[in-house]
Amino acid sequence: EVQLVESGGGLVQAGGSLRLSCAASGFTFDDYAIGWFRQAPGREREGVSCINSSDGSTYYADSVKGRFTISSDNAKNTVYLQMNSLKPEDTAVYYCAAALWELYGSSWSRTGEYDYWGQGTQVTVSS
């Protein structure tokens with residue numbers, strides 16, 4: 001059974017940093033994608049970033065480019081989202097998700113492309 005567990009959320013002041021972790025277990029797929037999404041109250045879930053397993057290619061939402069960095073540690077089966085220069089509008093529940101194939105182009109940001117989801121971790125940025 002595939003499980004994704006997020007951690008690292010919390011309360012931080014604007015301009016601060018957080019690092020989210022997504023620990024994956026039960027993975028037996030050769031090529032896959034791990035994405036980070038977020039959902040603020042009253043808003044749709046939106047794609048934040050994605051990383052493909054085979055070539056490490058990455059994608060970012062325009063709103064986080066230059067501030068967030070996605071990375072993976074295959075030995076630990078963990079994907080990270082380093083979030084710097086946080087803004088109040090980054091406040092949301094952050095979810096990681098796994099797709100059973102790699103994602104390219106605009107497909108990475110579509111929730112329907114992912115097969116497994118974590119439970120989410122709250123990130124709150126105060127002004």
Side-chain angles (χ1 to χ4, degrees):
E1 179 185 3
V2 174
Q3 288 191 323
L4 302 172
V5 179
E6 304 97 333
S7 61
L11 173 64
V12 64
Q13 289 188 331
S17 298
L18 284 174
R19 188 177 80 159
L20 305 183
S21 299
C22 174
S25 61
F27 252 67
T28 59
F29 317 118
D30 291 331
D31 298 317
Y32 55 89
I34 300 292
W36 282 99
F37 288 75
R38 66 186 181 186
Q39 188 166 20
R43 301 189 67 176
E44 292 188 355
R45 192 169 297 190
E46 64 173 352
V48 175
S49 185
C50 174
I51 187 166
N52 285 311
S53 64
S54 65
D55 61 5
S57 54
T58 58
Y59 296 88
Y60 297 93
D62 288 342
S63 58
V64 307
K65 279 180 182 176
R67 300 188 298 123
F68 291 10
T69 303
I70 192 170
S71 62
S72 64
D73 184 335
N74 292 337
K76 295 182 178 180
N77 290 331
T78 300
V79 171
Y80 303 98
L81 185 68
Q82 178 67 43
M83 306 187 296
N84 298 328
S85 302
L86 283 161
K87 305 175 181 179
E89 51 263 44
D90 294 318
T91 295
V93 177
Y94 284 69
Y95 300 89
C96 68
L100 300 182
W101 47 79
E102 295 185 309
L103 299 173
Y104 296 93
S106 62
S107 62
W108 73 269
S109 62
R110 300 180 195 139
T111 58
E113 297 288 347
Y114 295 82
D115 303 278
Y116 301 97
W117 292 83
Q119 82 289 350
T121 185
Q122 176 71 48
V123 171
T124 303
V125 184
S126 63
S127 57

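If you're wondering where the values come from, they're calculated on a predicted model, not measured in any experiment. Residue indices begin at 1 and follow the sequence shown.
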CA sep, side-chain torsions, deciding dist, call: W108, N52, side-chain contact (heavy atoms from CB on, under 4.5 Å)
CA-CA 10 Å; W108 73 269; N52 285 311; over 6 Å; no

Is a side-chain donor-acceptor pair under 3.5 Å present for [Y] with [X]?
X	Y	value
Q122	T124	yes
R19	Y80	no
D73	T78	no

Nearest-0.5 Å distance, [atom1] of residue [X] to [atom2] of residue [Y]:
X	Y	atom1	atom2	value
S17	N84	OG	CG	3.5 Å
S25	N77	OG	CG	8.0 Å
I34	S72	CD1	OG	9.0 Å
R67	Q82	CZ	CD	12.0 Å

What is the minimum heavy-atom distance between [X] and [Y], and which atoms define it?
X	Y	value
V123	G9	CG2-CA, 4.1 Å
L4	A98	CD1-N, 3.6 Å
A92	A40	CB-N, 3.8 Å
V12	G16	CG2-CA, 3.8 Å
P88	S127	CG-CB, 3.9 Å

Under the criterion side-chain contact (heavy atoms from CB on, under 4.5 Å), I'd like the reasoning laid out for L100 against Y114: C-alpha separation, chi angles, the key distance, then a yes or no.
CA-CA 7 Å; L100 300 182; Y114 295 82; over 6 Å; no

Please tell me if the side chains of [X] and [Y] come closer than 4.5 Å, counting only heavy atoms from C-beta onward.
X	Y	answer
E102	S54	yes
Q3	Y116	no
L81	T69	no
W36	M83	no
T111	W117	yes
V79	I51	yes
V93	T121	no
D90	R38	yes

Check whether any side-chain N or O of E6 sits under 3.5 Å from a backbone N or O of Q119 as a donor-acceptor pair, and report yes or no.
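It does hold such a pair.
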
Decide salt bridge (charged side-chain N to carboxylate O under 4.0 Å, His left out) for D62 and K65; before the verdict, give the C-alpha distance in whole Å, the side-chain angles of both, and the deciding distance to 0.1 Å.
CA-CA 5 Å; D62 288 342; K65 279 180 182 176; 3.2 Å; yes

Give me the ring orientation class for Y104 and Y59: parallel if the planes are under 30° apart, tilted from 30 to 60°, perpendicular past 60°.
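Rings of Y104 and Y59: perpendicular, as their planes differ by over 60°.
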
Let's go through F68 and L86 carefully: what are the C-alpha distance in whole Å and the side-chain angles of both, what is the deciding distance for side-chain contact (heavy atoms from CB on, under 4.5 Å) to 0.1 Å, and is it a yes or a no?
CA-CA 9 Å; F68 291 10; L86 283 161; 3.8 Å; yes

Please lay out, stage by stage, how F37 and E46 fare under the test side-chain contact (heavy atoms from CB on, under 4.5 Å).
CA-CA 5 Å; F37 288 75; E46 64 173 352; 5.8 Å; no

